[in-house]
Structure formats: structure tokens, C-alpha cells
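Below, each value reflects all heavy atoms present in this structure, side chains not excepted, and no hydrogens, waters or symmetry copies.
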Amino acid sequence: MPRITSRTVAVPVVAAASAMLVLCSCSAGAGSKSDAAAPRKEDDLVAGVGSAKDSTGPAPAVEGARKGGTIRVANLRDYSHLDPQKIYAGEAYNTSLLWGRQLTQYQVIDGKPKLVGDLATDIGKSSDGGRTWTYTLKDGIAWEDGKPITSQHVKYGIERTFAPGFEIGPPYWPQWLTGKPDLAQARKVYGGPKKDGDFKGIETPDAKTIVFRFAEPQSDVPFMAAQSSSSPVRPDKDTGTRYDLKPFATGPYRIVSHRQNQSLTLEKNPHWKAATDPIRHQYADKFEFTFEKKELNTAQEILNGRGDGADTVTTKNEFPPELIGEAERDQDKKDLIVDGRRGAFTYHLVVRNDRVADLEVRKAIHYLLPRQQARQALGGPRVGDIATTYSSPAIVGWESYDTYPVKPTGDIEKAKQHLAKAKKKVKRLSYAYESNAVNDRMAQVLVDAFAKAGIELVTKPLPLPAFTNEVLRGTDPKYDLWLSGSSVDWPTPATGVPYRFDSRRDSLDNDPRYKNPAVDKELDRIAKITDATKKAKALIALEKNTIMKDMPIVPFLHQRTQQVRGANVGGAFIHPIYGTISPAWLYLKKS
């Protein structure tokens, strides 16, 4: 699971669809138009798992797409990691689709995601009650030098996730293959290919077949197999830490140069075959990434078409709020803003349960939170949809519910009623937050709301490192409340609910320090369910019927994102899984 982070820090947003279930889309698809100030209402979309036939290439064509030209991507920051086993952030996953392929991946047509085989012929076959999963690689898949991709290359890539230096990536392969609860213990079983050689839990009976043998039944393997950590790595091309700057390509493009924090240049991979790839396209001749340019300047150039602005897109930068008014006054500029849900990312007001132990007080906090005013302080409707549930609408099995209904503006009188029932009168609470101008405004909204109920809210602005150390990692309970963002690693609740609300997990997972023995027991039962659909429904039922009645956290927002594309850039939409504009679908209208 992605570790809990403060509101302004990006976390991994990875998701998947399962077995023709209802899933909310992040986008209406390539070229859709959006309103910068008032995001459009989105319908639920039917998404599912694709068949072996769906897993064959080529990818469905993007309507109106043309070939040729150079697409320019301007982002404020370079990527922390390009090594596929180290990537653990949604936008990096999204961009790495240009040069990297995995066992499975998400085909997106008109905003609808479908999990299909990528390097593999399908999403995998399970046996032995879900303890064994087998994948067969496609014919004709090759590296950028033309040599075939083999099952041994996939195995080596996954074996790397055990090694020192790779703890920054997803932990699931080591944990699930060894049956150990954390990476440190998994490493005692196997320390990576360079230390311990061959790992017996992954078998490659031939160059096309890879078999995973897990310690316990695992229903979500096809979803995990779409993570970048499931990418192949060729041992003779493994350059250690340098691989993080320039990994060897399996996708439609290859990296020809990477000047860290300056530029990244991609050209067509001549050995990629569209007939093997149901996901990606190769419309542009080249991608030119630039970094370290101010977000406001980049957005202005794109909106006004100055310089290369018409051919430029941002995939990490948020649309600057300073330009919303300008875009609202000019329909042509408004059409360049791409809006959608940011995957399964959610915001909550976290209540530290070991400090605020009285349920009546936690209920009062729920009624005190003025969601509408707080959202306005953060930027208005464009930053997210007001939430009544813990989990996001973008996950399998999600249900709309409202445990303790309250108006978006809050209910002071109802809060006072619950405070009156508290065992001990509450006069003061503390609120920690990452210090910046936006969060300062948010804090003041909360101070004013709590004051109406007779509670002094003492605010503590902190720089990000201190916020992480004192609020999330700290053993000394200094603060009662904070705003927190989190997501799941694929869109079932399997990497959300069991981590956030299991009392046996550390504070980086269970940040509210929630403790309910009945919930722990039920999580253990649900973990043994071998059907991913049934597991998702059971977890959502536990969230709805038990956890949220304890109000360990207060739902606030399901996040949205807005980014900007140049007038000549087509195929831009917010990827329903990764939550940012996806370069793999882009083309130039004029090249």
C-alpha cells in the first residue's frame, strides 16, 4: 500500500478493474472538454478484465490520430526513478508506458479501463487455490536491440525487488512470494539475484512460461502484475544505480538521452511490434521532456501557443489556479484544460484515535468539518468531489453510503449534541498541517468552525519533513487532527482498508492508530478469500458497516486533477488508473 502522505505530496495511484464490475471513470476519453471551475459530472462506467483476445494487439486506434512530429512534455520536476522496480508513483507509471511493458496492463478506450495481458497472453491463470499463478509470454516481443524478451528476464526483474535499494518500490512480490509481512523479513529468505542467485519461488520451465508460487492464496496477482515492478530486466543490461536514469526499452519508444533535472529524449523503438501490444501507440516520432521550468510560465505558453506551446503538454504539473479566470473567459483556452478524477486518491481529516478516544467527540468532529468551505480554501470544486465514504468511487466493489449524513457546510448544532454526550468535556484540540499558503487558509476555516462549538483548535504548521516525522512516524502523540491523502495500489480495497485500519500495522499505514479487535479478526478472514470480486465486496462491507461507524477518520474529498495540453496535441485525457495525462495515447494534429 502507498504510505500515507500529507495533502500536497504525490503518492502511488495504481488501480485495476475486475470481472465486469462498475468503476467510476476519471475521464470521458481522449479529446474530451472540461470546465476549469466546475468539473463535469461523471457517470459510472462498466470496466472489466479482458480476455486473451482483448490482450492481442494492436491497440484500438485513437480517433483522428495522425503520425509524426515531436511532442514536448514540460514538467516542473524530473522523475525520481525510471528503474521499473523502483517506480512507485502514478505519473511515473503512466509515463513509463512509453518505454516499458509489464505482464499485464490497462487498455483504455473512451476513458474505460480494461485489464489485459501486455507481455503475457492474458491476465494469468491461477491454480492450487490461488497459490500458483502461471503466465505465458507472447510471440514477437523484443527488447530495443531486437533480442527476444524471455520469462527469465521477467523473473530477474521481479527478483530485483528483494534486493537492497529497491525498498522504495512496491513490496508485494517479496511479501507474497515468501509469506512474510514486510520486506525486511522477506529478505532473510531471499536477498536478490546478485546476492542469492536463483529464487525458487519463481519457475521458468521454458523461455515463454513463468510460474509464481505464493505462500498463501492471492486473488489480486493480475492487478499487481500491471505494476512497473513486474517489468522484465535483462541481466546484461542491468547497470545498477545507472539503470535508474536509462532503463532498456520494451515499449514503443526508447530513451536516447537523459540529462537529470534537465531533459529526457525518447525516439521510436524499431523493434516494438504494434501487433503484440493492445495498450500503446507510436504516433509521434519523438518525445522531448524538459524539467525545472516554472509551472505558471509553462501553462501560459501552452494556453497562448507561444513558442512550442501548441505542441506541449504537462503530465505532472497541476493547472495553476492563477490562470483559471483567463481560461474561463476564453473558450479556446478552456478547451485546453484536461479534467478528471485523480485515480483513487482520497483526502480525509484524520483523527488520532488514541488521543480522541471518545466516539462522541469523533462524531462531533465529523459534523464540525465544513467540507464546502474547506474545499473552497483549497481551490474550489476543481480540487475534488465532496466525499461521504472512506474508499474512492474508482475502486471495484465501491458503494455510495453516508454513515452520519451531514450538510457540506457542516452542522454545528449536531456537533454540540454529540459533545454534550462525551464522557469528558473537550475544550481544546490540536491540528497539524504542512505549512503553505493554501493550507494556512484551510486551517483558518477549521479554527472558525470548531470555535462555534466552543473548541479551541490549536494549529501547528510544519515543514514537510517535520510533518512526516512528528505526525506519521512519531511515537509521542502530539497532535489530534491532520489532513491526509492516500490511495490504493490497484482499484480494489485490498491495499487500502486492510492497511489503514489494521491495529497490528505501524503508524505509516494505520495513521489514525485505529484499534478494533473485531475488525482485525474480520480482516484475517477476508484475506483468505480467493476471489478478488468477493474479497472487494467483503472489505467494502466491513468499511461501511463497522469501521466508519467508529469514525476513525472523517471523509473529505475524492480528488480531481486538472492539467493542460497544447492546441496541437490530441489524445489527451486523464488516465482512469494513473490519474494524469497519459503520453502513450498522444498525437499531434499537425506534424
Side-chain angles (χ1 to χ4, degrees), residues 14 16-19 48-57 59 84-85 93 96-97 100-107 114-143 147-162 169-170 172-178 190 193 198-235 250-251 272-273 275-280 489-490 492 530-532:
V14 185
S18 177
V49 169
S51 63
K53 182 179 179 180
D54 295 322
S55 302
T56 61
Q85 275 71 45
Y93 279 126
S96 70
L97 296 180
R101 298 181 66 177
Q102 296 73 44
L103 286 171
T104 63
Q105 196 46 254
Y106 307 101
Q107 184 187 78
K114 182 188 292 184
L115 185 68
V116 298
D118 185 1
L119 292 173
T121 56
D122 54 30
I123 63 162
K125 294 179 173 64
S126 67
S127 57
D128 188 25
R131 290 178 175 84
T132 300
W133 283 82
T134 302
Y135 288 87
T136 302
L137 301 185
K138 296 173 181 175
D139 295 327
I141 53 176
W143 293 95
K147 292 184 178 181
I149 299 167
T150 71
S151 58
Q152 289 81 10
H153 299 153
V154 176
K155 176 178 179 175
Y156 179 79
I158 291 171
E159 286 174 337
R160 295 170 88 233
T161 64
F162 286 81
Y172 300 108
W173 285 114
Q175 290 176 352
W176 291 7
L177 285 165
T178 63
Y190 177 72
D198 182 62
F199 179 64
K200 304 302 181 183
I202 307 174
E203 300 170 6
T204 53
D206 56 55
K208 300 286 293 298
T209 306
I210 184 165
V211 182
F212 300 100
R213 300 197 183 278
F214 298 100
E216 300 290 340
Q218 298 294 346
S219 61
D220 287 12
V221 173
F223 311 146
M224 180 178 66
Q227 290 190 301
S228 184
S229 58
S230 305
S231 303
V233 175
R234 215 165 80 193
T250 55
W272 171 81
K273 295 179 180 178
T276 72
D277 195 333
I279 316 296
R280 304 160 185 79
D489 277 350
W490 46 81
T492 74
T530 58
D531 182 279

Report task. To the nearest 0.5 Å, tell me how far Thr204 OG1 sits from Leu137 CG. Result -> 10.5 Å
Query raised in the report: Between Ser231 and Gln102, do the side chains contain an N or O donor and an N or O acceptor separated by less than 3.5 Å?
Result: yes
Query raised in the report: Counting N and O atoms only, with roles assigned by atom type, does the side chain of Ser151 sit under 3.5 Å from a partner on the main chain of Ile210, one being a donor and the other an acceptor?
Result: no
Query raised in the report: Is there a donor-acceptor contact under 3.5 Å from the side chain of Ser230 to the main chain of Met224?
Result: yes
**Report entry** Test item: Thr104 side-chain N/O and Pro222 main-chain N/O as donor-acceptor pair under 3.5 Å
**Finding:** yes
Query - Val211 and Ile202: CA distance, side-chain angles, deciding distance, side-chain contact (heavy atoms from CB on, under 4.5 Å) verdict - result: CA-CA 6 Å; Val211 182; Ile202 307 174; over 6 Å; no
Report task. Give the intermediate values and the outcome of side-chain contact (heavy atoms from CB on, under 4.5 Å) for residues Arg101 and Trp272. Result -> CA-CA 10 Å; Arg101 298 181 66 177; Trp272 171 81; 4.1 Å; yes
Report task. Using a 4.5 Å cut-off on heavy atoms from C-beta on, say whether the side chain of Phe162 contacts that of Leu177. Result -> yes
Report task. Please confirm whether the backbone N or O of Val221 pairs with a side-chain atom of Trp176, one donor and one acceptor, at under 3.5 Å? Result -> no
Requested in this report: Provide the closest heavy-atom pair for Ser55 versus Thr121 in the form atom of the first, atom of the second, distance.
Outcome: CB-O, 3.3 Å
Query raised in the report: Sub-3.5 Å donor-acceptor pair from the side chain of Lys273 to the main-chain atoms of Ile141, do we have one?
Result: no
Query raised in the report: Counting distance only, does the side-chain N/O of Lys155 pair as donor-acceptor with the main-chain N or O of Phe199 below 3.5 Å?
Result: yes
Report task. Look only at the side chain of Gln107 and the backbone of Ile279, and say whether a donor-acceptor pair between them is shorter than 3.5 Å. Result -> no
Query raised in the report: How long is the gap from CD on Gln105 to CG on Leu119, to the nearest 0.5 Å?
Result: 9.5 Å
Query raised in the report: When you check the gap from the basic side-chain N to the acidic O, do Arg213 and Asp128 get nearer than 4.0 Å?
Result: no
Requested in this report: Keeping the roles fixed (side chain from Arg280, backbone from Gly100), state whether a donor-acceptor pair exists under 3.5 Å.
Outcome: yes
Query raised in the report: CD of Gln218 to CZ of Phe223: how many Å apart, nearest 0.5 Å?
Result: 12.0 Å
Report task. Mind listing the closest non-hydrogen atom pair of Ala207 and Gln152 along with its distance? Result -> CA-OE1, 3.8 Å
Query raised in the report: Is a side-chain N or O of Gln227 found less than 3.5 angstrom from the main chain of Pro170, in a donor-acceptor match?
Result: no
Requested in this report: Considering non-hydrogen atoms only, spot the tightest contact between Asp139 and Thr276 and give its length.
Outcome: O-CG2, 3.6 Å
Query raised in the report: So do Glu159 and Tyr190 actually touch side chain to side chain, heavy atoms under 4.5 Å?
Result: yes
Requested in this report: Using the six-membered ring wherever Trp is involved, compare the ring planes of Trp143 and His153 and label them parallel, tilted or perpendicular (cut-offs 30° and 60°).
Outcome: perpendicular
Query raised in the report: Do the side chains of Pro84 and Val233 get nearer than 4.5 Å, heavy atoms only?
Result: yes
Query - Inter-residue atom distance Ser229.OG - Arg160.CZ, 0.5 Å rounding - result: 11.0 Å
Report task. Might you point out which heavy atoms bring Tyr93 and Ser228 nearest each other, and give the distance in Å? Result -> CE2-N, 3.3 Å
Query raised in the report: Just checking, is any N or O donor in the side chain of Tyr172 or Asp220 under 3.5 Å from an acceptor N or O on the other one?
Result: no
Report task. Name the orientation class of the two ring planes belonging to Phe212 and Tyr135 (parallel below 30°, tilted from 30 to 60°, perpendicular beyond 60°). Result -> perpendicular
Query raised in the report: Do the side chain of Ser219 and the main chain of Asp531 share a donor and acceptor less than 3.5 angstrom apart?
Result: no
Query - Rounded distance [0.5 Å steps], CZ in Phe214 versus OG1 in Thr178 - result: 10.5 Å
Report summary line: So NZ of Lys125 and OG1 of Thr134: to nearest 0.5 Å the spacing works out to 8.5 Å
Query - Arg131/Glu216 under side-chain contact (heavy atoms from CB on, under 4.5 Å): CA gap, chis, key distance, verdict - result: CA-CA 6 Å; Arg131 290 178 175 84; Glu216 300 290 340; 4.3 Å; yes
